[in-house]
Amino acid sequence: MAPQKYDFRKIEKKWQNVWKKTEIYKTPDKARGKENLYTSVEFPYPSGNLHTGHWYAFSVPDIYARFKRMCGFNVLFPIGFDSFGLPAENAAIKRGINPRKWTYGNINFMRKQLCSMGASFDWSREVITSDPEYYKWTQWLFLQFFKKGLAYQAETAVNWCPTDKTVLANEQVVDNCCERCGSEIERRRMKQWLIKITDYAERLINDLEKLNWPEEIKEAQKNWIGRSEGAVIEFKIQNSKFKILAFTTRPDTIFGATYMVLAPENSLVKNLESRILNLEEVKRYVEKAGRKTELQRQEEAKDKTGVELKGVKAINPATKEEIPVWVADYVLGSVGTGAIMAVPAHDERDRQFAEKFNLPIVDKPLVGRDEIVKKVGGEKKTQYRLRDWVVSRQRYWGCPIPIVHCSKCGAVPVAEWDLPVKLPPIKDYKPTGDGRSPLAKAEKWVKTKCPKCKSSAERETDTLDTFVDSSWYYLAYLAKNKSRFQIPDSRFKTWMPMDLYSGGVEHTTMHLLYSRFFYKAMHDLGLIPKEVGNEPYAKRLNRGLILGLDGQKMSKSRGNVADPDQYVHELGADSVRMYLAFIGPYNEVGAYPWDPHGILGVHRFLQRVWKLIQNAKIKNQNDNSKLKNNNLERLLHKTIKKVGEDIENFKFNTAISALMILLNEFEKSHELGIKNYEVFLKLLAPFAPHMTEELWQETRNKKQETSIHLESWPKYNPKLIKEDTFTLVIQINGKTRDTVEAPADTTEEEVKKISLGREKVIKHIGFQEPRKIIYIPKRLINIVI
RNA sequence: GCCCGGGUGGCGGAAUGGUAUACGCAAAGGACUUAAAAUCCUUGGCUCCUAACGGGGCUUGUGGGUUCGACUCCCACCUCGGGCACCA
C-alpha cells in the first residue's frame with residue numbers, strides 16, 4: 001500500500017544512507033560494455049557552509065551525470081575541496097583559529113551538506129588540495145616546471161595587496177583592486193617566483209579553435225591574452241651606438257612618424273644620460289612618473305605630459321629625417337618595447353601629444369606593410385598582452401615552494417624523495433606585511449641543508465598561489481591511489497579530455513586559463529600521453545547566477561540570502577534541486593532571482609507525482625504497457641524524446657515543463673498502467689533522485705534488489721510519435737482567421753477545398769479569386785488575395 | 001574606443017521562418033471547510049465595438065528592409081550585461 005504522505009525528510013535521509021552503503025556511484029576505471037564519460041564542476045572552496053550558488057553549481061549538473069549513467073555511460077562525477085588559500089586563512093585569523101583546523105572542520109561539515117543534495121558523487125576519489133599527499137605532487141610538478149625553465153625567480157614590478165599583505169597575479173587584479181578584498185593595489189618591486197605562461201600565449205589562443213566551448217568564453221580568453229601583430233623597427237640615434245626599438249602594429253604609417261617616445265622605465269633613458277642636455281629636467285620627470293600609480297596614469301590619460309630629450313635625435317629609416325625623442329608616461333614600459341614611433345596623423349594619442357607640444361603632424365600616404373618592414377630593416381613581431389604568472393604568496397596557508405636557497409648554489413630544488421615539503425605548524429601565522437611570508441618565522445623549518453652542496457641553506461618561505469593547486473586537480477581524481485600522481489596512460493586515454501566541465505564565469509581568465517596552460521606544459525613534459533591531446537576540457541559550460549529575493553546578488557550584508565538548508569528542511573532536497581533546474585536554461589549566462597513561490601510550484605508538482613501511485617491501475621502488475629488512449633501514448637513517447645534531448649542540451653527547464661505536461665495528462669487518465677508509470681519515474685529520476693527511488697521500490701514491492709538510478713533510460717518509439725491528425729492553420733494575407741483539425745493524410749487539394757469552404761474564409765474574401773495559395777504541409781495554408 | 005552576449009505578459013521563462021506568450025509563479029472567481037491552510041475547478045497580453053453571443057485592431061527594445069508569412073533573417077539605432085583598453 002502506498003504511503004499516504006510524502007515524507008521527504010525521511011525518504012531523502014534513507015536513500016542517501018543506502019546509496020552511501022551500497023556505493024552505487026563508485027566509478028570503476030573501466031566498466032564492461034560501457035563508454036567512459038567524465039564530467040565535473042569546479043570544486044568548492046571550504047568556506048564554511050554551502051550556499052544556494054553551490055546547490056546551483058552541483059545539483060543541476062548532477063541531473064546530467066545521472067541521465068548519462070542511465071544512458072549506459074560509465075560516468076565519473078567526482079568532488080573535492082580547493083582547501084588552501086586566502087579566504088580560509090583570513091576567516092581563521094578573524095576567529096583566532098588555526099587555518100588547518102578551520103579548513104578541515106569546514107570540509108567535514110560541507111561533506112554532509114553535499115550529501116544532502118543527493119548528488120551522485122564518487123566520494124572514493126575525493127581530492128583535498130591541502131593534504132600533504134596532494135600537495136606533494138603540486139610541488140613535484142612545480143619542480144618539473146622549474147627544471148624546464150618554466151618556473152623562475154625574478155625581481156619584477158608586482159601587484160601588492162596592502163590588506164591581504166601579499167602579491168597577486170595580474171588575473172587577480174580587477175580595476176586595479178584586489179579581486180578578493182577590493183583594496184587598491186600598490187605597485188612594488190619584489191623578487192618573486194613566476195611561471196612562464198607567456199611561452200604558451202600563442203598556443204593558448206590557437207588551440208581554442210578546436211574546443212567545443214561557448215564563443216564568448218573563447219573571446220574573453222583571446223582578449224585577455226591580447227595578441228597584436230606588428231613589427232619591431234629600429235630607429236638609429238644620431239651620432240650614437242644606441243638605437244630605439246619601437247613596436248608598432250602600423251608599420252605602414254612610418255612616413256608619418258615625426259617623433260619618438262620612450263617610456264620613463266625604458267633603460268635607454270639612462271644609457272643616453274651623457275648626451276641629454278636637459279638631464280635634470282628629464283630625471284625629475286622620470287622620477288615623478290615612477291611614483292604615479294597605474295590608476296593615476298589612467299586618470300591623467302587625457303592630459304598628456306612629457307619632456308623632450310634635448311640633444312638626442314633619431315633617424316626615421318623611411319624618410320631619413322631627423323626626428324626628436326621624448327620621454328612620456330603615456331608610453332608604458334611593460335608594453336611592447338617600451339618605445340614608440342609617434343604618428344600623430346594616424347594615432348589619436350600621438351595627435352593629442354603633438355598638439356600640446358607643437359610637434360609636426362604630417363599626413364603622408366600609407367605604404368604596403370610587408371615591404372616597408374623589410375626595407376627599413378624591421379622585423380615582424382607578434383606581441384601579447386599576457387604577462388607571466390606571479391605565483392609567490394607571502395602567506396601561510398598555501399603549498400610551500402619546494403626550493404632551498406643556498407649562498408653558493410643559488411635556488412636549488414628539493415630532492416624528489418624529500419617531497420612533500422610539509423607546511424610546518426606555527427603559532428603566529430598572520431601575514432607580516434614586510435614582504436616576507438609568516439613561514440620566515442619558523443626558524444627551525446627554514447634552516448636546512450643545500451640538497452646540492454650540503455652546506456647550510458634556507459628554505460623558500462613563500463607559498464604557492466591557490467590557482468596552482470587547482471591547475472591539475474582534475475587529474476588527481478584519476479589517480480586512485482592518493483599517494484601517487486603517476487597515472488597509467490590507459491587511464492588518461494579512457495578519461496581525458498574531460499567531456500564536460502562546468503563552472504563560474506569568474507574563472508574564464510583565471511582557473512580556466514591556468515589549467516589549460518598546466519595541461520599543455522605537462523603534455524610537453526611527457527607526463528600526458530600524446531594521443532590524449534593537449535587540452536583538458538573538451539566542452540565547457542558557464543552557469544548563470546542565482547540572485548537574492550530582491551534581484552540583487554545574494555549577500556549576508558544585504559539580507560537577501562536564501563538558505564538552501566532551510567528549504568531542504570521545509571520542502572526537501574528534490575524540490576530545491578528541481579526548482580534550480582527549472583528556473584531557466586543552464587547553458588546561458590543569465591541571472592535568475594530565487595523565488596520562494598517558484599519553488600512551491602515545483603514542490604506541488606512532486607506532491608502530485610507522489611499521489612499518482614494511488615491511481616488504481618498502477619497497482620495492477622499484470623498490465624500491458626500499451627495505453628488504450630492513443631493521444632496519451634503519443635504524449636508519453638514525445639516526452640521521452642524531449643526530456644532526453646533537453647537534458648543533453650542543458651535545457652533542464654523545458655525538460656521539467658514537459659514532465660509537468662505529461663503529469664497533467666496522466667492525472668486525467670484512468671488507465672495508467674504500471675509500465676508507463678515506471679517510465680515516468682525513470683524520466684523524473686535524474687531530477688528527483690530520492691522520491692523516484694522510493695516510488696520505484698514501492699512498485700517493486702520493496703524488494704530493493706535494484707536502484708532506479710541503475711536502470712536504463714527509456715526508449716521512445718518514433719512510430720508512436722507521429723500524429724494522425726494535425727491542426728491546420730488557415731491564414732488570409734498572413735493573418736490567422738481559422739483553424740481546423742484534419743487527418744494527417746489529407747492531400748493538398750483537399751486542404752485547399754476545406755479551407756476555401758470555411759465559413760470564416762468566405763466571410764473574409766467573399767467570392768474573390770485568391771491570387772496565390774501557399775500550403776505548408778501539415779501546418780498551415782495562407783490564402784493571398 | 002574595440003570585441004562578445006542579451007532585450008518577449010505583473011514575474012522566471014517557451015517558441016530559431018509558419019496559431020507568440022508553452023510550463024510554472026503571482027492574480028481574480030468558484031468548490032470543499034464553522035473558518036483558515038492545503039487541495040481541486042475555472043479565467044488568462046493590451047485595446048476597441050457589443051447588453052450578450054461574438055467580432056475587429058494592436059503587441060516580442062525602436063525604425064526600416066527581405067518574405068505569402070519575421071521574436072526568428074538583413075541594415076541602422078536605443079538600451080542592459082560582460083571582456084579588453086593611453087596595448088602603440
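Order of the sequence lines sets the chain letters (A, B, ...), proteins ahead of strands, with each chain counted from 1.
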ask   = Between T248(A) and I217(A), which has a closest nucleotide on RNA chain B that is more 5'?
value = I217(A)
Heavy atoms only, 4.0 Å cut-off, all strands: where does [X] land among base, sugar-phosphate and nothing?
{"X": "H764(A)", "answer": "sugar-phosphate"}
{"X": "T727(A)", "answer": "base"}
{"X": "Q731(A)", "answer": "base"}
{"X": "E215(A)", "answer": "nothing"}
{"X": "V729(A)", "answer": "base"}
{"X": "R608(A)", "answer": "sugar-phosphate"}
{"X": "I661(A)", "answer": "sugar-phosphate"}

Would you say [X] places a side-chain N or O within less than 4.0 Å of OP1 or OP2 belonging to [N]?
{"X": "R604(A)", "N": "C25(B)", "result": "yes"}
{"X": "S228(A)", "N": "A88(B)", "result": "yes"}
{"X": "N664(A)", "N": "G24(B)", "result": "yes"}
{"X": "K760(A)", "N": "G54(B)", "result": "no"}
{"X": "R737(A)", "N": "G56(B)", "result": "yes"}
{"X": "N653(A)", "N": "A14(B)", "result": "yes"}

message = Counting distance alone, no hydrogens or angles: does the base of C84(B) have a donor or acceptor under 3.5 Å from a partner atom on the side chain of N223(A)?
response = no
key: Side-chain-base donor-acceptor pair under 3.5 Å for K304(A) and C86(B)   = yes
Between [Y] and [X], is there a side-chain donor-acceptor contact under 3.5 Å, judged purely by atom types and distance?
{"X": "R540(A)", "Y": "N212(A)", "answer": "no"}
{"X": "T305(A)", "Y": "Y330(A)", "answer": "no"}
{"X": "E741(A)", "Y": "T727(A)", "answer": "yes"}
{"X": "E171(A)", "Y": "W224(A)", "answer": "yes"}

request  = Look at the aromatic rings of H511(A) and Y537(A) and report parallel, tilted or perpendicular, splitting at 30° and 60°.
outcome  = tilted
Interatomic distance, [X] [atom1] vs [N] [atom2] [rounded to whole Å]:
{"X": "K222(A)", "N": "C3(B)", "atom1": "NZ", "atom2": "P", "value": "13 Å"}
{"X": "R227(A)", "N": "C2(B)", "atom1": "CZ", "atom2": "C1'", "value": "17 Å"}
{"X": "Y592(A)", "N": "C11(B)", "atom1": "OH", "atom2": "P", "value": "17 Å"}

When the [atom1] atoms of [N] and [M] are considered, how many whole Å apart are they?
{"N": "G18(B)", "M": "U50(B)", "atom1": "C1'", "value": "32 Å"}
{"N": "G54(B)", "M": "G65(B)", "atom1": "P", "value": "38 Å"}
{"N": "G69(B)", "M": "G1(B)", "atom1": "C1'", "value": "40 Å"}
{"N": "C71(B)", "M": "C86(B)", "atom1": "C1'", "value": "42 Å"}
{"N": "U59(B)", "M": "U19(B)", "atom1": "C1'", "value": "15 Å"}
{"N": "C32(B)", "M": "A37(B)", "atom1": "P", "value": "16 Å"}
{"N": "U47(B)", "M": "U33(B)", "atom1": "C1'", "value": "40 Å"}

message = Give me syn or anti for G9(B), where syn covers glycosidic angles within 90 degrees of 0.
response = syn
task = Using side chain to side chain contact (heavy atoms under 4.5 Å, CB included) as the criterion, point out the one residue from K222(A), R385(A), E202(A) that pairs with R227(A).
result = E202(A)
